[in-house]
A.B. asks: 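Below you'll find the structure I mean.
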Protein chains: 2
Amino acid sequence: MAGLTAPLLGLEKKSLREQALAALRTAITSGELEPGRHLVETELSEMLQISRGTLREALRQLEQEGLLSAGPRGRLSVRHLDEKEIRDIFAVRAALESLAARTLCELPDRQHVTQSLHKAIDAMSATADGTLEERIESDLEFHRTLCRLTGNETLLHSWQSLEGSIRMSIMFAGREKGVSNMSVDRHRDIVAAIDTGDAALVRKTILEHMDTAAATLVS
Amino acid sequence: MAGLTAPLLGLEKKSLREQALAALRTAITSGELEPGRHLVETELSEMLQISRGTLREALRQLEQEGLLSAGPRGRLSVRHLDEKEIRDIFAVRAALESLAARTLCELPDRQHVTQSLHKAIDAMSATADGTLEERIESDLEFHRTLCRLTGNETLLHSWQSLEGSIRMSIMFAGREKGVSNMSVDRHRDIVAAIDTGDAALVRKTILEHMDTAAATLVS
DNA sequence: CGACGTACGACTGTAAACAGTCGACTTACA
DNA sequence: TGTAAGTCGACTGTTTACAGTCGTACGTCG
């Protein structure tokens with residue numbers, strides 16, 4: 001019975017709160033709920049067919065993820081990201097992923113690490129001709145894997161807290177700029193650097209990658 | 001009428017949710033709610049004299065801050081930190097504060113920055129003979145200020161998301177180890193490094209500071 | 001004409017009630 | 001005696017209802 005993970009676990013029904021959370025995240029990053037838009041609880045709750053109480057729990061979570069900003073009297077609106085904020089987000093992201101990469105260098109079996117990362121890169125190649133959304137997702141998947149492989153749960157959690165903001169940055173700034181910034185080769189460079197085990201090189205590679213990405217979005 | 005900020009804003013009553021949040025944070029970090037303890041919503045809500053709905057919103061927030069961990073069926077318990085997790089937390093903290101310090105180096109007016117930081121250090125000196133809690137608070141206040149002064153809201157937010165975990169680490173691991181790790185001098189070194197504007201030096205100083213702190217807690 | 005007041009509408013804050021699920025304990029039966 | 005079915009209690013998930021607050025539009029009085 002061991003090793004039968006995913007398929008059987010399909011029975012576990014996600015709570016409405018989680019479903020609402022996912023739906024709202026998607027709605028926001030897809031632009032269906034445009035930045036600056038005021039969110040009215042009663043409206044949303046009947047759109048999503050859930051009660052306000054349940055909705056509010058999801059909203060709190062989104063608020064803390066930085067996708068929503070609170071105005072006076074608890075008034076929520078979709079966060080608007082200006083160029084400075086995007087730069088700031090990517091600076092934090094760079095710091096986190098830099099830590100991740102450095103940590104991976106010091107791991108005993110880099111074998112498994114680079115193998116997993118190559119798999120993620122292959123997934124990116126597969127979506128290279130897909131929609132913007134698909135390419136963004138596989139790109140983020142790579143970077144999330146980078147953090148997960150460190151085994152540092154706190155690091156992964158911090159990164160995921162930022163993930164929504166990152167996705168928003170790319171989607172909005174990227175729509176006009178015609179982002180092609182998610183090159184597969186760049187990611188191979190990162191893995192190669194990790195493979196060498198040279199922490200300084202890895203750090204440098206990641207920081208450059210982030211700088212490039214951020215510059216593409218705001219320039 | 002301009003410039004009359006703080007005193008007049010005293011009227012703003014915090015919502016019950018925020019009060020509950022603060023109360024629970026305190027209860028957890030003070031050890032009143034010991035690690036591993038199961039939290040029962042109905043119990044807490046009547047302890048705090050608030051409804052479950054309001055409480056649940058606060059719990060979601062604490063969950064995301066990493067102070068609570070979710071078991072099966074949404075069962076919440078106070079998170080227990082082992083030594084690896086403490087090291088992981090401090091690694092992320094180091095990455096964030098390293099970014100903060102580096103950013104401060106590149107700021108136009110380091111005058112104002114170092115001035116504010118010296119003020120925070122003075123506050124630390126003032127509580128040097130106080131209780132463990134007081135010293136921890138003034139220590140965290142210094143590091144929070146470090147992040148705030150960068151002007152990078154995302155950085156500050158990420159750091160604050162970690163703050164509860166940091167406080168927990170110090171309180172629990174520190175209780176037995178008799179933490180004296182919050183030396184005022186160490187912090188002066190950091191400010192001095194920032195004052196030089198040498199990013200590499202600053203980074204090194206911060207990382208050493210974090211290493212020392214983490215080592216004190218887990219060794 | 002302008003300042004003040006007032007009634008109404010729109011939302012959020014908060015509370016209380018209902019429903020479903022899991023575990024523990026008990027009981028019946030082989 | 002051991003095992004399976006059944007019942008009870010304890011929680012969480014979710015919904016519905018109520019209260020309070022702020023803005024707005026309109027009306028009144030100076």
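Just so it is clear: chains get the letters A, B, ... in the order the sequence lines come, proteins before strands, and each one is counted from 1.
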A.B. asks: Heavy-atom count around Q111(A) CD within 6.0 Å, excluding the residue itself: above 12?
C.D. replies: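 No.
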A.B. asks: Taking CG from L55(A) and P from dG13(C), how many angstroms apart are they, rounded to a whole number?
C.D. replies: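 Value for this atom pair: 12 Å.
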A.B. asks: Can you list every pair that meets ring-ring contact (aromatic ring centres under 6.0 Å, His included) and has a residue in residues 122-150 of chain A, with sequence neighbours left out?
C.D. replies: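 Output for this query lists F142(A)-H187(A), H143(A)-H187(A), H143(A)-H209(A).
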A.B. asks: Let me know the distance between NE2 of H38(A) and C1' of dA10(C), rounded to the nearest Å.
C.D. replies: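 Distance, rounded to whole Å: 12 Å.
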A.B. asks: I'd like to know if D139(A) pairs up with R135(A) as an ion pair, taking the criterion as any Lys NZ or Arg NE/NH1/NH2 lying under 4.0 Å from an Asp or Glu carboxylate oxygen.
C.D. replies: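 Salt bridge between D139(A) and R135(A), a charged N being under 4.0 Å from a carboxylate O: no.
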A.B. asks: What residues from residues 62-72 of chain A pass a heavy-atom cutoff of under 4.0 Å to DNA chain C?
C.D. replies: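 Correct list: empty, so none.
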A.B. asks: Apply side chain to side chain contact (heavy atoms under 4.5 Å, CB included) to A214(A) and list each qualifying residue two or more places apart in sequence or on a separate chain.
C.D. replies: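 For A214(A), the residues satisfying side chain to side chain contact (heavy atoms under 4.5 Å, CB included) (neighbours in sequence not counted) are F90(A).
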A.B. asks: What residues form a salt bridge (charged side-chain N to carboxylate O under 4.0 Å, His left out) with R37(A), not counting sequence neighbours?
C.D. replies: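 Result, salt bridge (charged side-chain N to carboxylate O under 4.0 Å, His left out) vs R37(A): E34(A).
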A.B. asks: Give each protein N/O atom lying under 3.5 Å from an N/O atom of nucleotides 12-16 of chain D, with the pair distance.
C.D. replies:
unit_1: dT12(D); atom_1: OP1; unit_2: L39(B); atom_2: O; d: 3.1
unit_1: dT12(D); atom_1: OP2; unit_2: E41(B); atom_2: N; d: 2.9
unit_1: dT12(D); atom_1: O3'; unit_2: R73(B); atom_2: O; d: 3.4
unit_1: dG13(D); atom_1: OP2; unit_2: R56(B); atom_2: NH1; d: 2.6
unit_1: dG13(D); atom_1: OP2; unit_2: R56(B); atom_2: NH2; d: 3.1
unit_1: dG13(D); atom_1: N7; unit_2: R52(B); atom_2: NH2; d: 2.9
unit_1: dG13(D); atom_1: O6; unit_2: R52(B); atom_2: NH1; d: 2.9
unit_1: dT14(D); atom_1: OP1; unit_2: L16(A); atom_2: N; d: 2.7
unit_1: dT15(D); atom_1: OP2; unit_2: S51(A); atom_2: N; d: 2.8
unit_1: dT15(D); atom_1: OP2; unit_2: S51(A); atom_2: OG; d: 3.0
unit_1: dT15(D); atom_1: OP2; unit_2: T54(A); atom_2: OG1; d: 3.3

A.B. asks: Which distance, rounded to the nearest 0.5 Å, do you find between the CZ of R52(A) and the OG1 of T54(A)?
C.D. replies: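 The CZ atom of R52(A) sits 11.0 Å away from the OG1 atom of T54(A).
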A.B. asks: Kindly say whether G130(B) contributes a backbone atom to a donor-acceptor pair with the side chain of T127(B) at under 3.5 angstrom?
C.D. replies: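 Flag not set: sc T127(B) to bb G130(B) has no pair under 3.5 Å.
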A.B. asks: Any salt bridge (Lys or Arg N to Asp or Glu O under 4.0 Å) pairs touching residues 62-71 of chain B, not counting sequence neighbours?
C.D. replies: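 Of all non-adjacent pairs touching residues 62-71 of chain B, those that pass salt bridge (Lys or Arg N to Asp or Glu O under 4.0 Å) are R25(B)-E65(B), R60(B)-E63(B).
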